[in-house]
Amino acid sequence: MQQFCTVQELVTMNPFAQAKVVAGWAGRNNKVHKIVTACPSVAAHALDGVLVLVNMGDGQGDLTRALAAYLNSAAAGIIVNGYGTALSQGLIAAAEKSRMPLLVFPKVIAEQELDGSLTLVLELIKNRKIMSFAEGYRLRQLTNLSQELPILLNQLAEYLQNPAVLVDPVFQLLAEGMTGHFLPAEEMGRLVKTVRPPILERKQSVPIAAEPYQQLITGFHDQAMNCFVTPLVLAGQLFGYLLVFEAAGPLNALDAGRIGEVGLACLQLLVNRKSTEEIEKKYKQQFLYDLLYNNFESTDELIKRGRYWNWELNKPQHLFVVEPDDFKQLRNKDQVLAGLQLFIEAFLKPHFLQTIITEMQDQIIVIIPATEEKGRSAKQYIKNLANLLQANLQEAAFEATVSFGIGKLHSSAAELCQSFQEAKHALDLGRFIREKGHVTYFEDLGVIRLLSHVSLDQLDEYYQEQLAVIIEYDEKNNMNFLEILQMYFQQNGDLNITAEKLFMHPNTLRYRLKKIEELLDVDLQKLEIRINLSVACKIAKMRETNL
């Protein structure tokens, strides 16, 4: 059985959408199944269901003669290819009278392109996926008018008959289209989570580019599914991804064109949104700078200005500082910081109405209202929250490890400046008493808080007195006794864990600790000795990092 489409359906698709219908639109429902190039051997009576392609120069007489044989034929319509001037009123009147759609391409379009587009349209009709002209026009109008993101996503999903979602660079949902029609909300969340790792892996190996591609998903309910991924990129900056899942049927080249249209509109909306946010951000940043560096005449002024952004600063606030480890060595510092801020916002804002999250001096500062817990409970609450955020960053395979410094909870928001300095201090000092990716509370720093305020000369003198012998032994014998001692104290004297951290057999560790005792002429089982050497090891670590 011969497959047909209408002229009306055909002109919704590129390259036919580039043509101008100058006459005969009353015949828009004429059936089409083939395109034939006009020539004398083509009989007018054999043109049923055929679009006649007339390839022309600029000659008016040539065009009139070429069209004369077809205006009253059984052809479905006429395409004038590469004609750059206005058609005569006589030709237009004749086409209107014969209800013959007359399509004009000012620039030459290759016949192969037209054939390919017709084949795709016929395939869409066969699979019942073709969209009417009115629906196609509405979708293009929506993209041109840049409506709200949910409207765009719903229209796209309705056309594709597949779910579509828009996510930010860290895959937090911005908008979705008809996802519940195809999959439950929790299943769609799992699907987005499943596609995230391969997309990020590709991003690591391929420079950021706007070219769409198909990503195979294999970890969703033990089924394979394709996802059409459109990175939304402008001037090298990634704003998010438009994801279309082939949950109900495969996508084709025409679908890709529609996805591209909506993707550009989404990108424009996101760019506009970011521009607005940047303007507001400048005012927020100035306020937060004043807040964190105590540039206020009174607490009342602080609270009043905070209410402009719906921040109730008349109550105690928790504050912590987050910073990527080895930040100076990162090549894409700005992108890492922006991604980190987005991730933290997505994690915290659903749970805290008044979260303050800002980037300042290459660090992310987070301020959240204190709960009703007090003392140890309040301290444990904020530490648990930071640890949970850290675990989520690791689970999401964030592109850099990050560390946290947490300030003390003070009774008034006016004292946030003090909590801010404590958090920064905890972050810095935690780097040499813990490993990368640490979460350090200021109150947990213990003696090292005191050491950071002692003169460098005094610190040097103390640790040289305690450790000079094994430092010299290490240099002469290419050993690591100082590292062993530092790890031993860091793991609270646990031999098995220390050996594991050093990739060493426990018996080997015991032998080397015994050797250290002989060199230093000490007994590591005595509390006073352990305290002295532990402090000396902390000083050595501080001096290594030039704090």
Side-chain angles (χ1 to χ4, degrees), residues 170 172 284 287-288 291-292 294 299 302-303 306-307 309-325 337 339-360 363-396 398 400-431 433-449 452 490 492:
V170 294
Q172 302 303 315
K284 282 186 178 180
F287 169 76
L288 291 173
L291 173 66
L292 297 176
N294 202 28
T299 302
L302 182 154
I303 294 171
R307 283 175 177 160
W309 288 286
N310 296 318
W311 297 334
E312 291 294 337
L313 298 178
N314 57 338
K315 301 176 181 178
Q317 308 281 323
H318 287 293
L319 185 148
F320 57 86
V321 177
V322 190
E323 181 182 68
D325 295 316
L337 275 178
L340 180 59
Q341 183 170 348
L342 280 173
F343 191 99
I344 294 173
E345 287 174 353
F347 178 83
L348 293 177
K349 284 195 172 180
H351 307 289
F352 301 95
L353 296 178
Q354 297 181 17
T355 308
I356 302 173
I357 304 170
T358 188
E359 183 267 319
M360 191 176 296
Q363 295 175 327
I364 306 299
I365 293 91
V366 179
I367 304 171
I368 58 175
T371 58
E372 294 182 358
E373 287 104 339
K374 296 180 180 180
R376 291 184 179 179
S377 297
K379 173 183 173 181
Q380 192 59 47
Y381 171 81
I382 192 63
K383 288 174 69 175
N384 289 342
L385 182 66
N387 282 315
L388 185 59
L389 177 53
Q390 177 72 281
N392 274 263
L393 282 164
Q394 293 173 359
E395 181 184 356
F398 188 72
T401 62
V402 301
S403 292
F404 292 66
I406 308 173
K408 292 167 59 178
L409 177 64
H410 296 276
S411 59
S412 169
E415 298 172 322
L416 273 171
C417 57
Q418 184 174 344
S419 184
F420 176 53
Q421 294 304 319
E422 292 168 348
K424 289 170 68 70
H425 217 47
L427 180 67
D428 290 337
L429 293 171
R431 294 203 184 281
I433 60 174
R434 293 185 172 90
E435 298 176 350
K436 292 179 182 179
H438 69 83
V439 175
T440 303
Y441 195 92
F442 181 74
E443 287 185 338
D444 294 340
L445 288 171
V447 69
I448 202 167
R449 287 163 53 187
S452 64
Q490 187 175 321
N492 300 312

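For clarity, every value in this text was computed on a predicted model and none was experimentally measured. Along the sequence shown, residues are numbered consecutively beginning with 1.
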From [atom1] ([X]) to [atom2] ([Y]), nearest 0.5 Å:
X	Y	atom1	atom2	answer
Asn392	Asn387	CG	CG	11.5 Å
Ile367	Leu416	CD1	CG	5.0 Å
Gln421	Phe442	CD	CZ	10.0 Å
Ile356	Ile368	CD1	CD1	10.5 Å
His410	Phe420	NE2	CZ	13.0 Å

By salt bridge (Lys or Arg N to Asp or Glu O under 4.0 Å), which residues pair with Lys424, not counting sequence neighbours?
-> none

Sorted by chain and residue number, the salt bridge (Lys or Arg N to Asp or Glu O under 4.0 Å) partners of Glu415 (sequence neighbours excluded) come out as none

Name all residues meeting the side-chain hydrogen bond (donor to acceptor under 3.5 Å, both in side chains) criterion together with [X]; count only those two or more places apart in sequence or in a different chain, and write none if there are none.
X	result
Ser403	Asp325
Glu323	Gln363, Arg431
Gln172	none
Asn384	Gln380

Of all the heavy-atom pairs spanning [X] and [Y], show the shortest one and how long it is.
X	Y	answer
Ala426	Leu445	CA-CD1, 3.8 Å
Ile344	Leu389	CG1-CD2, 4.0 Å
Thr299	Ala414	OG1-CB, 3.6 Å
Lys408	Tyr441	CA-OH, 3.7 Å
Ala370	Leu409	CB-CD1, 3.8 Å
Cys417	Leu291	CB-O, 4.0 Å

If only atom types and distance count, is the side chain of Gln390 paired as donor or acceptor with the main-chain N or O of Phe404 below 3.5 Å?
-> no

For Glu359, which residues count as a side-chain contact (heavy atoms from CB on, under 4.5 Å) partner, sequence neighbours excluded?
-> Leu337, Gln341, Asp362, Ile364

Between Leu288 and Ile365, is a side-chain contact (heavy atoms from CB on, under 4.5 Å) present by the stated rule, with each step listed?
-> CA-CA 10 Å; Leu288 291 173; Ile365 293 91; over 6 Å; no

Under 4.5 Å between any side-chain heavy atoms of Leu427 and Val322, yes or no?
->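 The answer is no; the side chains never approach within 4.5 Å.
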
Where do Phe343 and Val402 land on the side-chain contact (heavy atoms from CB on, under 4.5 Å) test, with the steps shown first?
-> CA-CA 12 Å; Phe343 191 99; Val402 301; over 6 Å; no

Can you give each donor-acceptor pair under 3.5 Å made by side-chain atoms of residues 313-320, sequence neighbours left out, with the distance rounded to 0.1 Å?
from: Gln317; atom 1: NE2; to: Glu312; atom 2: O; distance (Å): 3.2
from: Gln317; atom 1: NE2; to: Lys315; atom 2: O; distance (Å): 3.3

